[in-house]
Amino acid sequence: YSPEILTQTTYFRRQESCSGGCGVVYSNTITINVYNDLNAGLIGNDQDICYGVTPTNLIGELASGSNGNYVYQWEQSTNGISWNSIPNGKSQNFQPGVLYQTTFFRRSVTSPPDAAKKYSNEIIITVKDPLTAGVIGNAQTICYGSAPITLVGSGPTGGMENYLYQWYSSENGVDWTALALETNDIYTPARLTKDTYFKRSVTSGICGSKESNTVKIIVLPDIAPGAVGHDQTICFNTKPVQLNGENPSGGTGTYQYKWQKSINRDSFEDIPLASNGYYLPEQLTQTTFFRRSVTSGSCGTKYSDPIQVTVLDDLNPGTIFTQKSTICYDSIPVAFLGTLPTGGTGNYQFKWIASENGVTWSDAPFATEQNYQEKGKLTKNTYYKRLTTSDHCGTKESNVLSISVLDRLFPPEVNIAPSYCRGSNISFTPKNFNQKLIYVWNIEGSESVFDSFSVEGLDKSFSFSIYSSYDSICRSNSSTYNVK
């Protein structure tokens, strides 16, 4: 007899009988013990682990059923389909090694001599992708004192996918400082005045932290516009020396220039067509300030310190005059006086010049002072002026001083007869009578002014003298006559 499949302990015996009523007999009884079904037991739960770490120990339940004699074999698979026995996985529990990919585990149990094999549940140990911090952008070159563009890059990957951020900065790429409150995935740096490095760390739970690439922000040097020379002092209506500006530095390294001027150092205006590194100003008549703007691309514009070109006041040679501009023939004029000059450097040199026609001039002798006293007697009209020189500011002429010399006066002549009859009526008149002159008659010691004089009834001899004069300024010699 071949029993059917059994699921519980069962007893068997064989019954024998014969025909004809001989009765029934039984064989011995045999027992077929049926063990409980073999149960491989559970081996724990799925796990999520970080790339390159060791999972927690796989704790398996004791197998049960069968005859109590168990043989374990751990198996692994990378796809849950094809399984491989683990050589050292023959214990109830199993400690996997470091994993770099998601792996399935199960445990088989046999109970010799029964060849039947049972399997535990399958667990999956999910290995997360390696944590990468992402890229935070590329190096930038910015102008001094400006802000970089926002550092935005690719997001992190891997890990437990729950990310915490922290931004760091460094001035040398070696020593790093965590930036307070900068815990977002992007970062906008403040304005920078020196080269600065930035990086971002990404933390993903138990998978730890990884750092992004390092981005260097290169800060161009601040624009130094360069000096444009030194202050100058020039004479009125002259040109300053050329303003030669120093080469600028900083910024992008390329520069555009523009010159500006101001009369008050506050409000500057552009000078048309003045776009070179140097500038030669035009003639100036007032104190002026100059500066140069230097523009370097996107780095903006800086201005040099202004220089001052001080324009001295225009040289005013002053006025010359005298207390008496009409003099007698062959006499010396009174002193010529001159007011002090103004303007120029304030240092003055004088020279007096004279002319008899107002056209052709010559130096007056020893005439180098502010005032002048003519030493020679004049016999004709003469013109004078004073030249004033103020160092390098040139020479200016004063007004012209005209000295009028009156005509030379000769002793008047009077027509007189050699003798006269007693009782005659006679009249005396100067020859060539000149109405511009006055005639002074001295008759027997008594002076009177007459154009002519008469005697009625001449009764005695007498003498008289006469001289002529210009308004009592100057006079001729006297002529003396005897009347008989």
Show your working on side chain to side chain contact (heavy atoms under 4.5 Å, CB included) between Trp176 and Tyr197 and close with a plain yes or no. CA-CA 9 Å; Trp176 294 89; Tyr197 300 81; 3.5 Å; yes

Check the pair Glu447 / Val440 against side chain to side chain contact (heavy atoms under 4.5 Å, CB included), numbers first and verdict last. CA-CA 6 Å; Glu447 287 191 351; Val440 180; 3.8 Å; yes

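Using a 4.5 Å heavy-atom cutoff, the side chains of Met160 and Ile206 are in contact. For the pair Val483 and Ile426, the minimum side-chain heavy-atom distance is below 4.5 Å. The closest side-chain heavy-atom distance from Leu387 to Phe350 is not below 4.5 Å. Contact check for Arg386 versus Thr388: side-chain heavy atoms found under the 4.5 Å cut-off. For the pair Leu58 and Gln95, the minimum side-chain heavy-atom distance is 4.5 Å or more. Looking only at side-chain heavy atoms (C-beta outward), Trp441 and Tyr467 stay at 4.5 Å or farther from each other. Two residues are said to be in side-chain contact when any heavy atoms from C-beta on lie closer than 4.5 Å; Phe94 and Asn88 meet this criterion. Taking the side chain as every heavy atom from C-beta outward, Ser402 and Asn381 never approach each other to under 4.5 Å.
Aromatic rings of Tyr372 and Phe366 (six-membered ring for Trp) have centroids beyond the 6.0 Å cut-off, not under it. Ring centroids of Tyr278 and Tyr257 are separated by 6.0 Å or more, keeping the two rings apart. Between Phe336 and Tyr384, the gap from one ring centroid to the other is short of 6.0 Å. Here Phe198 and Tyr168 keep their ring centres 6.0 angstrom or further from each other. Aromatic rings from Tyr439 and Phe450 are positioned such that their centres are separated by 6.0 Å or more. Taking the six-membered ring for Trp and the full ring otherwise, Trp259 and Phe290 have centroids separated by 6.0 Å or more.
Residues Thr345 and Asp391 have side chains that bring a donor and an acceptor to within less than 3.5 angstrom of each other. Between Asn316 and Lys396, the side chains place no donor N or O within less than 3.5 Å of an acceptor N or O (distance only, hydrogens not considered). If you check the side chains of Gln260 and Asp270, you find a donor sitting under 3.5 Å from an acceptor. Under the 3.5 Å distance criterion, with hydrogens and angles disregarded, a donor-acceptor pair is assigned to the side chains of Gln47 and Thr56. Between the side chains of Ser468 and Ser476, at least one donor N or O lies within less than 3.5 Å of an accepting N or O. A side-chain donor-acceptor contact under 3.5 Å links Asn244 and Gln242. In this structure, a donor-acceptor pair under 3.5 Å is absent between the side chains of Ser169 and Thr196. Between Ser296 and Thr252, the side chains place a donor N or O and an acceptor N or O closer than 3.5 Å (distance only, hydrogens not considered). A donor atom on one side chain and an acceptor atom on the other are not found under 3.5 Å apart for Ser465 and Ser478.
Screening residues 193-211 for salt bridge (charged side-chain N to carboxylate O under 4.0 Å, His left out) gives Glu171-Lys194, Lys199-Glu211 as the qualifying pairs, with residues at least two apart or on separate chains. For residues 256-265, the set of pairs meeting the salt bridge (charged side-chain N to carboxylate O under 4.0 Å, His left out) definition, not counting sequence neighbours, is empty.
Below 30°, between 30° and 60°, or above 60°: for Phe428 and Phe464 the angle between ring planes is between 30° and 60°, a tilted geometry.
Salt-bridge annotation for Lys351 and Asp363: present, with a side-chain N of the basic residue lying under 4.0 Å from a carboxylate O of the acidic one.
Note that CD of Gln286 is 10.0 Å distant from CG of Asn264, once rounded to the nearest 0.5 Å. We find the CG-OG distance between Leu437 and Ser469 to be 8.0 Å, quoted to the nearest 0.5 Å.
Exactly one residue among Leu181, Leu179, Asp185 makes a side chain to side chain contact (heavy atoms under 4.5 Å, CB included) with Trp167. That residue is Leu179.
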